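Input: a single structure, listed below in structure tokens.
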Amino acid sequence: MQNHAYNRLGSFGSGGGATPSPPSSPRRSPRIHRRQAKLGGGGGARLVQPPRSLAQRAALALLTILLRRQAIFLFAPLLYVAAMLIYMGSISLDSVPRIISRPAPGSVYRSPHLYERLRPDMNADNSTDALATVWKHSYKGGGWRPCTNMSTIGLPESNGYIYVEANGGLNQQRTSICNAVAVAGYLNATLVIPNFHYHSIWRDPSKFSDIYDEDHFIETLKNDVRVVDTVPEFIMERFGDNMSNVFNFKIKAWSSIQYYKDAVLPKLVEEKLIRISPFANRLSFDAPPAVQRLRCLANFEALRFSNPIATLAEKLVSRMKERSVDNNGKYVAVHLRFEEDMVAFSCCIFDGGEVEKQDMNAARERGWRGKFTKPGRVIRPGAIRMNGKCPLTPLEVGLMLRGMGFGNNTVIYLASGKIYKAEKTMIPLLEMFPLLQTKESLASPDELAPFKNFSSRMAAIDYSVCLHSEVFVTTQGGNFPHFLIGHRRYLYGGHSKTIKPDKRKLAVLFANPNIGWKALKRQLLNMRAHSDAKGIEIKRPNDSLYTFPCPDCMCRSNKTEVLKSLQAR
């Protein structure tokens, strides 16, 4: 047998003798060859196929191309969309269901409709007397008693004088005063009676002595902090008798007392007089016991309203108790924040009319020029209401209190500024509580005249009447209720005796078109009970001592001691 060498390139001639090259790759898919074999290809007789139409040949050519390039998965979605468009185009628009636009949750003020529907059942319900049963947790586990003791030790020589400007409204100024007392005491400085900064919103030019008893303030603090009404002349001569020449500290909000010791004290010792302006919220809530004690002493003992305010307030409290004789002299005080500026600032929608819209736009522009019209700012009134941020209306306050068991014979004191559209919005509240009173209805025009044009003095009168009520109801938050809640805890054995409603839950209840009176009342009674249980709360770090005086300003006492203390008052 003859051996032949393998030629990788194969033979170019046609003669035999050379090893043949490997077979070339088939030009078509083996599947096509097999199909041709079945049809009789390869020399046998072939089956005759019927002729195809032009459309069939085009479709077959397209399918062959797609199969060959394996791109069917790319074109399939396009084919599906094209088919759906052809199908939708063949459907009549009359048969397509309409999409109904519904208002966002909370964007419609539904309380008036709820009131009209539930009013008959409400008026027929006289099953509870809330004033007799409202507080059940007041003395559970023992109560608390004030224990802010004044020092009997003399003071060392002063390091200098501190002059502060208290800004804001009545209770923001109160924060500044108490914090200034604490800082001055800690730095062993002499405090100059704080100056009240004139504010463009409150527009009250009152001085310290117009609102507070200045002599009592100085006397109460005399063993803890030196307080003077003016800076001595020999000190002012160093600064050309001009306070603007005095070094002014710009202190960050919520600064620690250590910052005052490290940064302020050296300058105080050097200059002998420093100025801090503005001074609201310039001291951290969390501070050493010595600082907290001075805050307690200032707020709960040293700050007493001036004699004209205290005298009128005592008369109004007495008149409220006389009108509440059927309830053993007990009355309810409500802090209602439904003034025009509060309604505008909240950005909530109430009656939703064009007049309201124009009023609110104008009020926002007057008070906060450009704040609410910045590019990109989106306001969602429905979300604001469902988040519990809308001020309660007079109607909603009345509906809530009736649901909490307060009958229409309950005497209510309403603490408020000028109610927005009072001639309309106050009607349902007066229908539910016809014995409602305000300082304007309790006092004569002559009695109110000295205070009429001073917002802080009028707020001080409201504060005093609310302080001595059996029940205090807060509806919107702010400094006024925060100070009142703490002051009431200080007076009433650690319990605030305050109803603080869950406004998120109220928004859901008042928007429910199907809720019945019994179901609504059950929910509101639970809300009232929750406020009772939360009446006694202990201060946590970074909580305000002015709202939570336990345990910094108060000590534990047993039930007997608390009862004796309350009877003595």
Side-chain angles (χ1 to χ4, degrees), residues 122-123 125-135 138 305 308-338 392-419 422-423 425-452 457-475 480-481 484 487-488 491-492 495-499 528 531 566-567 569:
M122 178 197 306
N123 292 336
D125 181 11
N126 293 310
S127 59
T128 57
D129 181 10
L131 272 174
T133 60
V134 61
W135 309 125
S138 298
F305 289 125
I309 292 174
T311 300
L312 180 58
E314 287 173 7
K315 290 180 181 178
L316 300 191
V317 170
S318 177
R319 292 168 190 174
M320 284 298 297
K321 291 182 176 180
E322 290 172 3
R323 286 164 170 74
S324 307
V325 65
D326 292 341
N327 287 307
N328 297 317
K330 297 178 180 180
Y331 62 92
V332 176
V334 177
H335 182 225
L336 181 63
R337 294 302 314 275
F338 202 67
L392 293 182
T393 66
L395 184 154
E396 290 172 330
V397 169
L399 200 56
M400 177 186 75
L401 291 178
R402 288 297 297 270
M404 289 182 173
F406 295 95
N408 63 357
N409 66 335
T410 302
V411 180
I412 289 181
Y413 179 81
L414 196 68
S416 175
K418 184 180 179 182
I419 301 296
E423 66 283 352
T425 58
M426 284 295 294
I427 290 174
L429 180 57
L430 289 169
E431 288 174 347
M432 288 181 271
F433 293 98
L435 302 181
L436 181 142
Q437 304 290 332
T438 64
K439 52 186 174 293
E440 289 81 7
S441 65
L442 288 172
S444 68
D446 289 341
E447 288 176 317
L448 275 182
F451 316 98
K452 194 71 175 177
R457 300 183 208 182
M458 295 286 272
I461 295 170
D462 278 341
Y463 184 101
S464 300
V465 182
C466 290
L467 183 63
H468 297 287
S469 63
E470 177 65 15
V471 178
F472 173 62
V473 182
T474 173
T475 63
F480 186 94
L484 259 172
H487 206 155
R488 287 169 67 84
L491 292 181
Y492 303 126
H495 196 287
S496 65
K497 292 191 173 183
T498 297
I499 292 176
R528 190 191 84 182
S531 289
L566 292 176
Q567 289 170 359
R569 294 180 188 276

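If you read the sequence from its start, that first residue is 1, and numbering goes on from there. Keep in mind that this is a model prediction, so the values were computed, not measured.
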With a 4.5 Å heavy-atom cut-off, do [X] and [Y] have their side chains touching?
X: Val411; Y: Lys330; value: no
X: Tyr413; Y: Val332; value: no
X: Ile309; Y: Thr311; value: no
X: Leu401; Y: Val334; value: yes
X: Leu395; Y: Leu429; value: no
X: Thr133; Y: Arg528; value: yes
X: Thr393; Y: Thr425; value: no
X: Phe305; Y: Ser464; value: yes

Residues 431-446, side-chain donor-acceptor partners within the protein, below 3.5 Å, at least two apart:
from	atom 1	to	atom 2	distance (Å)
Glu431	OE1	Tyr115	OH	2.7
Gln437	OE1	Ser441	OG	2.9
Gln437	NE2	Leu435	O	3.4
Thr438	OG1	Glu440	N	3.3
Thr438	OG1	Glu440	OE1	3.3
Thr438	OG1	Ser441	N	3.3
Lys439	NZ	Asp462	OD1	3.2
Lys439	NZ	Asp462	OD2	2.8
Ser441	OG	Thr438	N	2.8
Ser441	OG	Thr438	O	2.9
Ser444	OG	Glu447	N	3.2
Ser444	OG	Glu447	OE1	3.4

Return the [atom1] to [atom2] distance between [X] and [Y], rounded to the nearest 0.5 Å.
X: His487; Y: Leu467; atom1: NE2; atom2: CG; value: 5.0 Å
X: Arg323; Y: Ser318; atom1: CZ; atom2: OG; value: 9.5 Å
X: Glu396; Y: Met400; atom1: CD; atom2: CE; value: 9.5 Å
X: Arg488; Y: Thr498; atom1: CZ; atom2: OG1; value: 4.5 Å
X: Ser496; Y: Leu491; atom1: OG; atom2: CG; value: 12.0 Å
X: Thr410; Y: Asp326; atom1: OG1; atom2: CG; value: 10.5 Å

Heavy-atom pair with the smallest gap, counting every atom of [X] and [Y]:
X: His495; Y: Lys497; value: ND1-N, 2.9 Å
X: Leu336; Y: Thr475; value: CA-OG1, 3.8 Å
X: Gly329; Y: Lys321; value: O-CG, 3.5 Å

Tell me, with the steps shown, if Tyr463 and Leu484 meet side chain to side chain contact (heavy atoms under 4.5 Å, CB included). CA-CA 7 Å; Tyr463 184 101; Leu484 259 172; 3.8 Å; yes

Under the criterion side chain to side chain contact (heavy atoms under 4.5 Å, CB included), I'd like the reasoning laid out for Leu316 against Arg319: C-alpha separation, chi angles, the key distance, then a yes or no. CA-CA 5 Å; Leu316 300 191; Arg319 292 168 190 174; 4.0 Å; yes

Apply side chain to side chain contact (heavy atoms under 4.5 Å, CB included) to residues Leu448 and Leu312 and explain how you reach the verdict. CA-CA 8 Å; Leu448 275 182; Leu312 180 58; 4.1 Å; yes

Determine the sole option in Asn328, Leu131, Asn327 for which the side-chain contact (heavy atoms from CB on, under 4.5 Å) test with Glu470 is passed. Leu131

We want to know whether Arg337 and Thr474 form a side-chain donor-acceptor pair, criterion being a heavy-atom distance below 3.5 angstrom. no

With ring pair (Phe, Tyr, Trp, His ring centres under 6.0 Å) as the rule and sequence neighbours excluded, what pairs involving residues 316-337 come up? His335-Phe480

